[in-house]
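Each remark here refers to the structure printed beneath this line.
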Protein chains: 2
Amino acid sequence: MAQLSDSIEHFIKDLMTEDAHVELRRNELAQHFGCAPSQINYVLATRFSVDHGYIIESRRGGGGYVRIVRMQTRGEPNLLNILLNRVGNSVDEETAVAIISNLRERDMVTDSEAALMRAAVSRNALALPISAKDVLRAAVFRNMLVQVFKNLEEGKRHDV
Amino acid sequence: MAQLSDSIEHFIKDLMTEDAHVELRRNELAQHFGCAPSQINYVLATRFSVDHGYIIESRRGGGGYVRIVRMQTRGEPNLLNILLNRVGNSVDEETAVAIISNLRERDMVTDSEAALMRAAVSRNALALPISAKDVLRAAVFRNMLVQVFKNLEEGKRHDV
DNA sequence: TTCTATTGACCATCTTTGACTATTATAGCG
DNA sequence: CGCTATAATAGTCAAAGATGGTCAATAGAA
């Protein structure tokens, strides 16, 4: 028997057959399926996570929304997931810089973007006791990695 | 539906495409959008702050008005310093995001770059067991600001 | 039993409104 | 002419409204 979660999953995927992204109201969707709103989060977490090839953006408050973006598997499938795992909870500057160079070589970021990313993860930027630096760097870097992929999907890069 | 606040913001920005300033009646505008007059103040406070690059002047009483002026720091040689001073040793997310929008509106960064910067200074990125979030954010942000200016100088932006 | 799904209580964020306050111009009065 | 009352504006701030997020408890399926 089709689970509620499966129905919701298919419903969302149907919405995405045309476009690589879809925007919806969490509460509306929950109401449509007669379930708790948090059920939607469960579906997103279990079927639309980064390792499933999706990125979620959302906003609260009046006019809030949940946006689901499907990543294109360009080159290695699920490169973002691989990179996020590589970074984990702690990463040193050298590794971060290497990953950034790699993204540049794949032409996934511009020179400027790469430079910005290096600026954000540099020793300089993270004025903290050494032990904590790598942890903070990982957090900042992970966030930026996700953004790189969102940029690619959303065609925000008009450049190069 | 597009948020009321967003509509008002765009309405005002449309009025400003020609001129660097616009003058309006708070009550008239509120009536035009069928909302409470204080809604206008909310939009001004959240989208036209000094950090966003605007200055608001107003006058009460008969013949009162609200004037919105876009600051022209075009070619301001010291903009980087001004921004670095503004950021200082500690900056909250709201301010950082406002400055990033400002840079975007001045076309000093691309959409992607702006998004990357937001990712780096977001709550999310700094969700750590560290109390001094604003201090860290300031350090990361300062570094990125310097990089934005370097990017501009080095003409690394082949885009737009 | 063990893994997955569902729910609900509580939290976070963003927007909109309204009551109350502050300021300014102007008409009327002495 | 100077003063005051009134009308016409705009500002502030706290509460209510509108969304979405998290997490732990519970229920259901394998």
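Per chain, numbering begins at 1; letters A, B, ... match sequence-line order.
Near DNA chain C, meaning a heavy atom under 4.0 Å away, the residues from residues 56-63 of chain B are B:Arg59, B:Arg60, B:Gly61, B:Gly62. Within a heavy-atom distance below 4.0 Å of DNA chain C, the residues of residues 26-35 of chain B found are B:Cys35. Using a 4.0 Å cut-off on heavy atoms, the residues of residues 39-52 of chain A that approach DNA chain D are A:Asn41, listed by number.
B:Val87 has its side chain out of reach of B:Leu84: every pair of non-hydrogen atoms, C-beta onward, lies at least 4.5 Å apart. The side-chain heavy atoms of A:His21 and A:Arg70, taken from C-beta on, include no pair separated by under 4.5 Å. For the pair B:Tyr42/B:Arg47, a side-chain contact is recorded, criterion being any heavy-atom separation below 4.5 Å from C-beta on. Inter-residue side-chain proximity for A:Val91 and A:Val121 is flagged as unmet; no heavy-atom pair is nearer than 4.5 Å. Residues A:Leu79 and A:Met108 form a side-chain contact, since some pair of their non-hydrogen atoms from C-beta on lies under 4.5 Å apart.
Remark: A:Asn102 pairs with A:Arg106 by the side-chain hydrogen bond (donor to acceptor under 3.5 Å, both in side chains) rule, at least two apart or across chains.
In this structure, a donor-acceptor pair under 3.5 Å is present between the side chains of A:Gln39 and A:Ser5.
The CD-C1' distance, from B:Glu9 to C:dT16, rounds to 16 Å in whole Å. For the pair A:Leu4 CG and D:dT26 C1', the interatomic distance rounds to 16 Å; values are reported in whole Å. Between the CD atom of A:Gln3 and the C1' atom of D:dA30 there is a distance of 11 Å, given to the nearest Å. Between A:Tyr65 atom OH and C:dT15 atom P the separation is 10 Å, expressed in whole Å. In this structure, A:Leu24 atom CG and D:dT19 atom P are separated by 13 Å, rounded to whole Å. Rounded to an integer number of Å, the gap from CG of B:Asp6 to C1' of D:dT19 is 14 Å.
Between A:Val109 and A:Arg104 the shortest heavy-atom distance is O-NH1, 2.8 Å. Residues B:Glu113 and A:Ser112 approach most closely at OE2-CB, 3.2 Å, considering heavy atoms.
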Output side-chain donor-acceptor pairs under 3.5 Å for residues 52-69 of chain B, partner residues at least two apart or in another chain, one line each.
residue, atom, partner, partner atom, Å
B:His52, ND1, B:Ser49, OG, 2.8
B:Tyr54, OH, B:Glu105, OE1, 2.7
B:Arg67, NE, B:Glu23, OE1, 3.2
B:Arg67, NH2, B:Glu23, OE1, 3.3

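Look at B:Ser38 and you won't find any side-chain N or O under 4.0 angstrom from OP1 or OP2 of D:dT12.
Residue pairs satisfying the side-chain hydrogen bond (donor to acceptor under 3.5 Å, both in side chains) criterion with at least one member in residues 24-34 of chain B, sequence neighbours excluded, are listed as follows: B:Arg26-B:Asn41.
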